[in-house]
Amino acid sequence: MKRRDFLKNIGLAAAGAAVAPELMAASPALPAEDVKIKGELNDVNIGFRSLKADVKRQLTVVIVGAGNRGTVYTDYALKYPDVVKIVGVSDINPDRAQRMAKKHNIPADRIYGDFHEIMAVPKFADAMIIATPDDVHFEPCMMALALGYDVLLEKPMAQTAEQCRRLLAQSRKYGRILATCHVLRYAPYFLALRHFITNGTIGDLVSIQHMEPIQYAHMSHSYVRGKWRDSKQTTPIILAKSCHDLDIIRWLVDSPCESIVADGSIYLFKESMAPAGAPARCTDGCPHEANCPYSAIDIYVRKKGYLYVFDNLDKNDDNAIMERLRTTEYGRCVYHCDNDQPDHYVADMVFKGGVTSSFTMDAFTPWGGRRTRVMGTRGMIEGDMKSFTITDFRTRKTSVWNMDVNEVAEYKGAGHGGGDLALFRDFVEAVAYQDPARLSSTVDVSIESHLMGFAAEKSRKSGRKEKP
Ligand SMILES: NC(=O)c1ccc[n+]([C@@H]2O[C@H](COP(=O)([O-])OP(=O)(O)OC[C@H]3O[C@@H](n4cnc5c(N)ncnc54)[C@H](O)[C@@H]3O)[C@@H](O)[C@H]2O)c1
């Protein structure tokens with residue numbers, strides 16, 4: 001199918017929305033348009049369709065946590081204003097709350113600070129997004145469910161297995177939809193990968209090798225200097241970074257994990273590895289700055305990476321960036337930080353029925369993304385989150401899936417291979433029709449991979465095989 005034919009299909013999907021049943025009526029069948037852009041396998045029907053939710057009235061949504069992720073989801077309302085309106089915001093950072101309010105025309109009396117403030121007023125929207133830091137998920141989510149909100153909760157859901165179980169129980173008690181942001185499940189790449197596993201193309205699934213390459217600078221930014229550097233304050237990296245991956249593995253295998261054994265540690269980012277004379281900050285005249293791949297000056301000033309973490313910054317003003325590096329955690333030498341997250345992590349899993357999987361999370365790579373090999377009795381699939389190749393053992397034929405969502409204007413730039421906005425579209429529809437089946441990452445499903453993560457961390461520390 002040519003690109004113009006695909007766009008025609010998207011148009012047809014939008015036209016289909018006009019005849020959809022009324023809100024709260026019986027959930028209509030999911031539209032399922034197949035898409036071929038290039039690659040002989042691209043015509044597989046994975047339900048790829050417009051990002052515009054198929055609903056008959058505008059839904060109202062409030063946002064708790066107006067930071068990076070909160071902005072990703074709420075920007076959907078700017079893209080499709082007739083589908084979603086953001087009607088309230090809570091953030092302890094007044095600049096961010098005000099910025100969000102201005103963007104969405106939120107009235108002053110619906111701008112809140114700490115989440116306790118917004119939870120102290122009766123429910124005033126159809127749904128709530130909770131996109132606060134990891135340690136601010138459990139409490140607001142318990143409150144939001146009790147208030148009657150359907151909730152989209154950022155991952156990881158909570159900081160302990162017990163809290164995850166309590167969130168599940170709370171969503172059942174109040175009969176609310178609770179969805180987690182396991183966005184990769186909604187990305188066309190993973191939908192297609194799963195399709196070719198479950199339809200028997202490679203025979204019986206036997207094992208999966210899955211690698212999460214964090215990328216060296218991203219590791220230093222998020223897990224050494226930045227927001228997720230402390231596993232006690234946030235969550236262990238196997239959840240903070242890799243709960244997506246455990247979840248994808250569990251989803252591809254499609255049976256419960258029976259045991260997990262893990263290992264990993266900090267190889268590089270610690271005091272004992274500091275080169276001689278490295279000062280506390282890269283801005284303190286470090287003698288190694290010109291050669292260090294982790295130099296904050298190189299990452300933030302020269303390469304202009306990750307600047308979205310700094311509020312009210314002129315990204316073209318190098319002096320202003322340098323000043324942030326002198327005064328915030330992001331200017332610190334990677335060998336002199338208060339980090340405890342491993343920079344390499346391995347986990348082996350056994351699933352009911354005998355399927356095995358081995359997972360590695362690696363800081364020391366030039367690229368991010370994911371790399372996956374799926375071994376079946378009749379063939380193998382090998383992919384890199386952009387394309388995958390299936391090899392048939394008997395014929396030796398190889399076939400390629402390589403649809404690029406960026407070729408579709410509506411999807412261009414959507415994070416996680418299109419998964420971010422596709423998840424939000426499905427959440428909106430799930431709320432509109434009160435139909436959690438429109439989501440593949442409701443709490444009752446997502447809890448499993450969270451429990452796998454907590455078991456992995458227990459195993460890493462105990463040295464024993466653990467049961468999730
Ligand atoms: N789904 C994904 O792929 C994905 C990717 C990155 C991050 N995340 C998760 O999303 C969450 C948010 O991450 P982020 O990068 O957007 O962080 P962020 O720091 O950019 O945003 C969090 C916001 O929450 C606000 N906040 C903190 N405490 C609050 C409180 N008590 N009440 C109200 N607001 C409060 C902060 O001021 C901040 O603006 C984290 O849990 C993170 O692990 C998920």
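Both ligands and their constituent atoms are indexed starting at 1 by order of listing.
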query = What do you reckon, does Val183 have a nitrogen or oxygen under 3.5 Å from a nitrogen or oxygen of ligand 1?
reply = no
Ligand 1 versus Val136: contacting region, heavy-atom distance under 4.0 Å = side chain
message = Tell me which pairs pass ring-ring contact (aromatic ring centres under 6.0 Å, His included) where either residue lies in residues 248-271, with sequence neighbours left out.
response = Phe269-Tyr294, Phe269-Phe364
task = Run the numbers for me: atoms of ligand 1, each under 4.0 Å from some heavy atom of Arg96, listed by number.
result = 18 (P), 19 (O), 20 (O), 21 (O), 38 (C), 39 (O)
request  = Answer yes or no: is there an ion pair linking Arg69 with Asp420, defined by an N-O contact shorter than 4.0 Å?
outcome  = yes
ask   = Looking only at non-hydrogen atoms, which of Pro133, Gly67, Ala97 approaches atom 27 (C) of ligand 1 most closely?
value = Pro133
key: Closest protein heavy atom to atom 2 (C) of ligand 1, given as residue, atom name and distance to 0.1 Å   = His244 NE2, 3.4 Å
query = How does His137 reach ligand 1, by side chain, by backbone, by both or by neither, if only non-hydrogen atoms under 4.0 Å count?
reply = side chain
task = Starting from atom 29 (C) of ligand 1, locate the nearest protein heavy atom and write down its residue, its atom name and how far away it is, to 0.1 Å.
result = Ile92 CG1, 3.7 Å
inquiry  = Pair Asp54, Arg49 - check salt bridge (charged side-chain N to carboxylate O under 4.0 Å, His left out), show working.
reply    = CA-CA 10 Å; Asp54 180 8; Arg49 61 189 170 102; 5.5 Å; no
inquiry  = Please list, in number order, the atoms of ligand 1 under 4.0 Å from a heavy atom of Cys181.
reply    = 1 (N)
key: Note: Arg99-Asp311 ion pair, threshold 4.0 Å (strictly below)   = yes
inquiry  = Show me which atoms of ligand 1 lie under 4.0 Å from any heavy atom of Asp114.
reply    = 30 (C), 31 (N), 32 (N)
ask   = What are the two closest non-hydrogen atoms of Arg332 and Val224, and how far apart are they?
value = NH2-O, 4.3 Å
task = Distance to 0.1 Å, residue and atom name: give those for the protein heavy atom nearest to atom 18 (P) of ligand 1.
result = Lys227 NZ, 3.3 Å
request  = From the options Arg99, Met157, Lys155, select the one whose nearest heavy atom is closest to atom 9 (C) of ligand 1.
outcome  = Lys155
message = Is it true that, when you exclude Lys173 itself, more than 12 heavy atoms of the residues, nucleotides or ligands shown sit nearer than 6.0 Å to its NZ?
response = no
ask   = Should Asp230 and Asp338 count as side-chain neighbours, where that means a heavy-atom distance under 4.5 Å?
value = no
Within reach of ligand 1, part of Ala240 (heavy-atom separation under 4.0 Å) = neither
query = Looking only at protein heavy atoms, which one is nearest to atom 20 (O) of ligand 1, and how far off is it?
reply = Asn68 N, 2.9 Å
query = Any side-chain heavy-atom pair from Asp404 and Lys386 closer than 4.5 angstrom?
reply = no
key: Protein heavy-atom partner closest to atom 11 (C) of ligand 1 - residue, atom, separation in Å   = Thr132 O, 3.3 Å
ask   = For atom 37 (O) of ligand 1, which protein heavy atom lies nearest, and how many Å away is it?
value = Asp91 OD1, 2.6 Å
request  = Find all atoms of ligand 1 within a distance of less than 4.0 Å from any non-hydrogen atom belonging to Gly65, and give their numbers and elements.
outcome  = 23 (C), 24 (O)
task = Report yes or no: does a heavy atom of Tyr308 sit under 4.0 Å from some atom of ligand 1?
result = no
ask   = Which residue, Ile260, Val261, Thr356, forms the side-chain contact (heavy atoms from CB on, under 4.5 Å) with Val350?
value = Thr356
key: Side chain, backbone, both or neither: the part of Arg69 lying under 4.0 Å from ligand 1 by heavy atom   = both
request  = May I ask you to check whether over 12 heavy atoms, not counting those of Lys458, lie within 6.0 Å of atom NZ?
outcome  = no
query = Do any N/O atoms on Gly70 end up under 3.5 angstrom from N/O atoms on ligand 1?
reply = no
Close side-chain approach of Val253 and Lys352, heavy atoms under 4.5 Å = no
query = Any idea which protein heavy atom is nearest atom 10 (O) of ligand 1, and the distance to it?
reply = Glu154 CG, 3.1 Å
message = Holding to ring-ring contact (aromatic ring centres under 6.0 Å, His included), I want the full list of residues that pass it with His137, two or more places apart in sequence or in another chain.
response = none
ask   = In terms of residue, atom name and distance, what is the protein heavy atom nearest to atom 40 (C) of ligand 1?
value = Asp134 OD1, 3.2 Å
inquiry  = Counting C-beta onward and ignoring hydrogens, is there a side-chain heavy-atom pair between Met119 and Met128 closer than 4.5 Å?
reply    = yes
